[in-house]
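One structure below.
What you see below is based on every heavy atom in this structure, not just the backbone, and it leaves out hydrogens, waters and symmetry mates.
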Amino acid sequence: MLRRSWIGRGILCALAALLPLAPGWASAGGGSLSYEGAVGDALRHCSRLRVKQEEIRINEASWRQSLSSLFPTVALNGRLERFGNLAGPTGIGTINGQVVGGLQDEWRSSVFVLGEYTLSNWFKKRHESRYYERLTEASIHDSEAERKKIVLEVTDLYGSLAEGAIRLRYLDRMIDRMMEAVSLRAAANREGEISGEDLIRAEVALVDLEKERTEAARQFKENLTRLTLYTGVEYDEGVAVTGLGAGDEIPEGPGPGRIEQTPEYRAKRKEVEAQQEKGRAARNNLLPDVGVYGRYDFYGRNPELYDSMKDLDRNSWNAGVYISIPIFDGGLRKWERERAAREIRRQEEALKALRQEKGRDAAALYVKLRELDRTIAQYRRLLARYEKLLAIASGAAALGGRSRAELLESGKEALAIERDMEVYINQRAVAVRKYRLETDFAGAMGELDGNGIDRH
């Protein structure tokens with residue numbers, strides 16, 4: 001019995017040791033989350049990018065379809081009909097050059113091969129094909145613009161998550177210090193060394209910190225939920241959010257050339273080029289249609305259905321050149337050309353507006369970065385002075401000039417200053433990444449691709 005008892009305990013211990021390794025078990029830490037990982041998951045999961053990819057394929061199909069007008073067409077045509085004479089068996093008629101007597105009831109069948117090549121399509125439809133080609137290129141850049149928009153949204157959201165993690169980390173440290181300070185003040189109050197008012201003030205400060213932490217935790221959980229909508233990954237509340245760091249230095253402001261490299265500008269510029277090609281197509285549509293054609297005919301006639309299809313005779317062939325000159329169409333081509341010209345002007349004005357908008361966005365981010373640099377520098381100076389004050393307070397506490405509770409409360413104030421500085425550093429890191437995306441999209445995405453992000 002004793003042996004069986006030890007065996008049973010051993011099995012229970014083994015199961016207890018393997019339980020944390022079972023599927024679905026999550027550690028208290030909840031793993032870690034990085035900015036590059038969040039962006040990569042969002043780009044792989046986002047259905048908006050898949051929609052843009054389908055738009056590219058649709059435009060490419062339209063482009064390939066428009067190219068078909070530059071090739072000749074060949075068609076095989078056939079016809080089978082029943083002819084019934086209503087005028088009686090008198091008179092003589094001809095069918096495709098053959099004399100038909102008696103106008104008898106019969107079956108008639110015909111087959112002909114027709115080949116046609118419209119030469120004018122090279123100066124009329126060619127611009128229309130280029131129109132769809134430019135739209136395809138515009139949709140590619142538009143897909144990159146949507147990709148950039150997603151990365152910007154995830155950057156903002158991850159910055160809020162990182163800021164929440166900073167606030168929670170410092171609030172935990174501040175609460176620990178205030179709890180110790182309240183405990184010391186409660187003991188001092190029992191000894192009659194301080195008044196009850198001082199104790200209540202310390203307790204109120206502790207409650208305020210706990211309330212602030214509750215609000216910060218709520219916002220952190222909401223941001224995690226919103227990030228899940230982008231990435232499709234469920235995150236544990238205890239996930240460790242990796243900080244964004246201080247961000248790179250930005251030595252110069254945005255130039256005009258940087259704005260022209262943004263995917264939004266490139267997409268809009270391709271749309272302008274597409275409308276210009278459409279305008280050329282509308283202009284050339286006023287020219288005549290010119291083409292060549294060839295036709296080969298077979299014909300059969302017989303009172304019997306089967307014989308009319310069996311006895312097909314070579315009837316004729318013809319080939320020629322045709323030209324069609326538009327004289328009057330009610331103004332169709334004229335107003336088509338006018339509409340194309342106005343659309344070109346609208347697209348050009350939209351391109352100018354977009355250029356100004358992207359320039360303002362980049363300039364605003366640049367100004368924000370410079371202001372954040374000054375704010376962080378001020379906080380660094382302020383924190384250095386607080387550290388000196390803490391050193392003085394620690395010396396006074398060692399000599400009995402200040403209490404331990406007062407020293408803890410001063411340390412809490414220093415932690416608040418340090419927390420605010422870290423928050424501004426995080427905001428600067430977010431602004432740096434957004435600035436890079438606005439002014440050097442290819443370089444910024446290249447850095448993210450180097451961290452394992454799949455562009456497709």
Got more than 12 heavy atoms from elsewhere within 6.0 Å of [atom1], [X]?
| X | atom1 | result |
| --- | --- | --- |
| E215 | CD | yes |
| K148 | NZ | yes |
| R218 | CZ | yes |

Can you tell me how far the [atom1] atom of [X] sits from the [atom2] atom of [Y], to the nearest 0.5 Å?
| X | Y | atom1 | atom2 | answer |
| --- | --- | --- | --- | --- |
| T136 | H141 | OG1 | NE2 | 11.5 Å |
| K358 | R360 | NZ | CZ | 10.5 Å |
| K368 | Y435 | NZ | OH | 14.0 Å |
| S66 | N121 | OG | CG | 11.0 Å |
| I150 | H45 | CD1 | NE2 | 10.5 Å |
| H127 | R283 | NE2 | CZ | 6.0 Å |

Pair T118-Y322, side-chain donor/acceptor within less than 3.5 Å: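 The answer is yes; a qualifying pair exists.
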When you check the side-chain N and O atoms of T439 and Y366, is any donor under 3.5 Å from an acceptor?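 There is no such pair between these side chains.
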State, to 0.1 Å, how close [X] and [Y] come at their nearest heavy-atom pair, and which atoms those are.
| X | Y | answer |
| --- | --- | --- |
| S32 | V239 | C-CG2, 3.9 Å |
| G159 | V430 | CA-CG2, 3.5 Å |
| V241 | Y158 | CG1-OH, 3.5 Å |
| R355 | I259 | O-CG2, 3.9 Å |
| D440 | R258 | CB-NH1, 4.2 Å |
| Q276 | I344 | CA-CD1, 3.6 Å |

With a 4.5 Å cut-off on side-chain heavy atoms, are [Y] and [X] touching?
| X | Y | result |
| --- | --- | --- |
| E116 | V292 | no |
| R433 | L244 | yes |
| V432 | R428 | yes |
| I325 | I323 | yes |
| L33 | L161 | yes |
| Y170 | E422 | yes |
| T228 | V233 | no |
| Q275 | K278 | yes |

Ring centroid separation for Y379 and Y424, is it under 6.0 angstrom?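 Yes: the rings meet the under 6.0 Å criterion.
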Check the pair D41, R44 against salt bridge (Lys or Arg N to Asp or Glu O under 4.0 Å), reporting the backbone distance first and the verdict last. CA-CA 5 Å; D41 290 337; R44 285 187 289 267; 3.0 Å; yes
Check for a donor-acceptor pair, side chain of [X] on one end and backbone N or O of [Y] on the other, with a separation under 3.5 Å.
| X | Y | answer |
| --- | --- | --- |
| Y386 | E418 | no |
| R130 | R126 | no |
| D142 | A138 | no |
| T214 | E210 | yes |
| S129 | K125 | yes |
| S183 | M179 | no |
| N189 | L199 | no |

Between Q378 and R381, does a side-chain contact (heavy atoms from CB on, under 4.5 Å) hold up when you go through it step by step? CA-CA 5 Å; Q378 292 170 355; R381 291 195 297 269; 3.3 Å; yes
Residues Q347, E343; criterion side chain to side chain donor-acceptor pair (under 3.5 Å); working and verdict: CA-CA 6 Å; Q347 291 287 354; E343 182 65 25; 3.2 Å; yes
With a 4.0 Å cut-off, would you call E212 and R419 a salt bridge?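 A salt bridge links E212 with R419.
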Could you go step by step and tell me if K270 and L135 meet the side-chain contact (heavy atoms from CB on, under 4.5 Å) rule? CA-CA 7 Å; K270 288 298 180 181; L135 284 185; over 6 Å; no
Applying the salt bridge (charged side-chain N to carboxylate O under 4.0 Å, His left out) test to D156, which of K149, K434, R226 qualifies?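 Running salt bridge (charged side-chain N to carboxylate O under 4.0 Å, His left out) over K149, K434, R226 with D156 returns exactly one hit, K434.
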Passes side-chain contact (heavy atoms from CB on, under 4.5 Å), K412 versus L209? Steps please. CA-CA 10 Å; K412 185 264 295 184; L209 287 175; 4.3 Å; yes
